[in-house]
Asks: 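If you scroll down you'll find the structure; I have some questions about it.
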Amino acid sequence: MSPGKELLSHWEGEPLRVWEALWGVPSFEAWSAVNSTNDRLRELARKGARPFTVVTAEEQTAGRGRGGRAWHSPPGKGLWISVLLGPGASEPRTLTPLLVGLVVARAVEGEIEGDSPVGIKWPNDVMVRGRKVAGVLCESLGESGVVAGVGVNVRQREDDFPPRLRGRATSLESVSGAEVSRAGLAGRIVRGIRELLARPPDRVDGELMRELQARDVLNGREVEVQTGVSGRLEGVAAGIGVTGHLRLRTLEGEVRPVMAGTVRLARGGGA
Ligand code: BTN
């Protein structure tokens with residue numbers, strides 16, 4: 001670690017072991033800065049860290065988003081946190097990221113209670129009033145499990161976002177107009193992940209499916225899906241399938257499962 005990247009003894013005013021006990025996790029690291037909390041957690045996993053080990057940092061100097069994009073992680077403005085999931089979360093690959101997104105949507109809703117409903121843009125962007133407030137990056141460690149990285153925009157004002165994100169991203173405090181507790185948010189996320197992903201389901205149905213349907217901001221919208229480097233599909237989003245895939249009604253009227261990809265609304269709409 002380079003100078004300035006310091007392991008903290010306290011987080012949000014309390015010793016780290018207080019958070020470990022409150023969240024029921026084996027270990028919690030908080031840093032002033034790291035390159036990426038996902039990278040730090042991968043390092044710990046290689047050294048044998050136990051499932052539900054948690055890493056956070058005030059700032060990430062090389063935060064990563066999905067599809068190789070950078071994730072803007074300025075000091076103190078957000079919650080940048082990674083949680084280690086056990087080997088059971090490795091398969092099927094579409095479901096774990098979706099369920100982590102669901103946990104984050106619930107956590108965000110808990111912190112801005114009474115405000116706007118919190119949606120999910122498949123696979124796991126968390127949306128409020130048509131703008132993104134949080135994202136999830138799950139990275140597989142093969143048979144050793146999955147690193148689930150969560151970034152939540154908490155305190156940014158519009159001009160704190162880089163120009164490319166203005167009008168498309170927002171923060172919880174901008175939405176709610178009130179102070180949001182990062183500790184409260186982290187607790188809801190970590191406990192939620194522990195509860196839903198200790199024994200990850202291999203399909204979504206029943207209550208879980210009804211909740212996903214209610215939060216699905218793409219359903220019925222015309223979309224373009226970028227799959228891999230060169231694949232591109234167009235159609236109408238037709239809900240989420242039992243393995244967590246996107247159901248896409250193509251221009252030919254056939255419903256196809258999309259297992260991975262980046263979705264954009266075909267005409268405007270900021271998604
Ligand atoms: C996305 O929406 O593109 C996913 C963003 C994920 C960002 C989080 S912040 C904590 C963790 N560390 C990273 O480098 N990325 C994830």
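Both counts, for ligands and for their atoms, begin at 1 and track the order of listing. Start at 1 with the first residue, then count along the sequence.
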Asks: Step by step, work out the side chain to side chain contact (heavy atoms under 4.5 Å, CB included) result for Thr61 and Val34.
Replies: CA-CA 6 Å; Thr61 54; Val34 290; over 6 Å; no
Asks: Whether Glu207 and Arg210 form a salt bridge (side-chain N of Lys/Arg under 4.0 Å from carboxylate O of Asp/Glu) is what I want to check.
Replies: yes
Asks: Quick one: which ligand 1 atoms are inside 4.0 Å of a heavy atom on Gly63?
Replies: 14 (O)
Asks: Going by the order shown, which atoms of ligand 1 are within less than 4.0 Å of some heavy atom of Ile81?
Replies: 10 (C)
Asks: For a side chain to side chain contact (heavy atoms under 4.5 Å, CB included) check, start with the C-alpha distance between Thr170 and Asn153, then their side-chain angles and the critical distance, and finish with the verdict.
Replies: CA-CA 7 Å; Thr170 190; Asn153 299 323; over 6 Å; no
Asks: Check whether more than 12 heavy atoms from other residues, nucleotides or ligands sit under 6.0 Å from atom CZ of Arg256, and answer yes or no.
Replies: no
Asks: Find all atoms of ligand 1 within a distance of less than 4.0 Å from any non-hydrogen atom belonging to Arg64, and give their numbers and elements.
Replies: 5 (C), 6 (C), 7 (C), 13 (C), 14 (O), 15 (N), 16 (C)
Asks: Of all the atoms in ligand 1, which lie at a distance below 4.0 Å from a heavy atom belonging to Ser36?
Replies: 12 (N), 13 (C), 14 (O)
Asks: How far apart are the C-alpha atoms of Arg17 and Glu20, what are their side-chain angles, what is the distance that settles it, and do they pass the salt bridge (Lys or Arg N to Asp or Glu O under 4.0 Å) test?
Replies: CA-CA 5 Å; Arg17 64 177 178 280; Glu20 289 168 356; over 6 Å; no
Asks: Output the list of atoms in ligand 1 that are nearer than 4.0 Å to some heavy atom of Asp125, sorted by atom number.
Replies: 2 (O)
Asks: Below a 4.0 angstrom heavy-atom separation, can you tell me which part of Asp39, side chain or backbone, both or neither, approaches ligand 1?
Replies: neither
Asks: Within the supplied structure, the quantity of interest is the number of heavy atoms (other residues, nucleotides, ligands) at a distance under 6.0 Å from Arg247 CZ; does it exceed 12?
Replies: no
Asks: Considering only heavy atoms, does Asn124 approach ligand 1 within less than 4.0 Å through its side chain, its backbone, both, or neither?
Replies: neither
Asks: Do the charged groups of Asp39 and Arg64 touch, with an N to O distance under 4.0 Å?
Replies: yes
Asks: I'd like to check which ligand 1 atoms, numbered from 1 as shown, lie under 4.0 Å from a non-hydrogen atom of Gly65.
Replies: 1 (C), 3 (O), 4 (C), 5 (C)
Asks: So, Ser174 and Gln156: side-chain donor and acceptor under 3.5 Å apart, yes or no?
Replies: no
Asks: For atom 5 (C) of ligand 1, what is the closest protein heavy atom, and at what distance to 0.1 Å?
Replies: Trp71 CE3, 3.3 Å
Asks: Provide the number and element of each atom of ligand 1 under 4.0 Å from a heavy atom of Arg66.
Replies: 1 (C), 3 (O), 4 (C)
Asks: Could you tell me which atoms of ligand 1, counted from 1 in the order shown, lie closer than 4.0 angstrom to a heavy atom of Thr37?
Replies: 10 (C), 11 (C), 12 (N)
Asks: Select one of side chain, backbone, both or neither to describe which atoms of Lys132 lie under 4.0 Å from any atom of ligand 1, heavy atoms only.
Replies: side chain
Asks: Between Val204 and Gly241, which heavy-atom pair has the shortest distance, and what is it?
Replies: CG2-O, 3.6 Å
Asks: Any atom of ligand 1 sitting under 4.0 Å from a heavy atom of Gln60?
Replies: yes
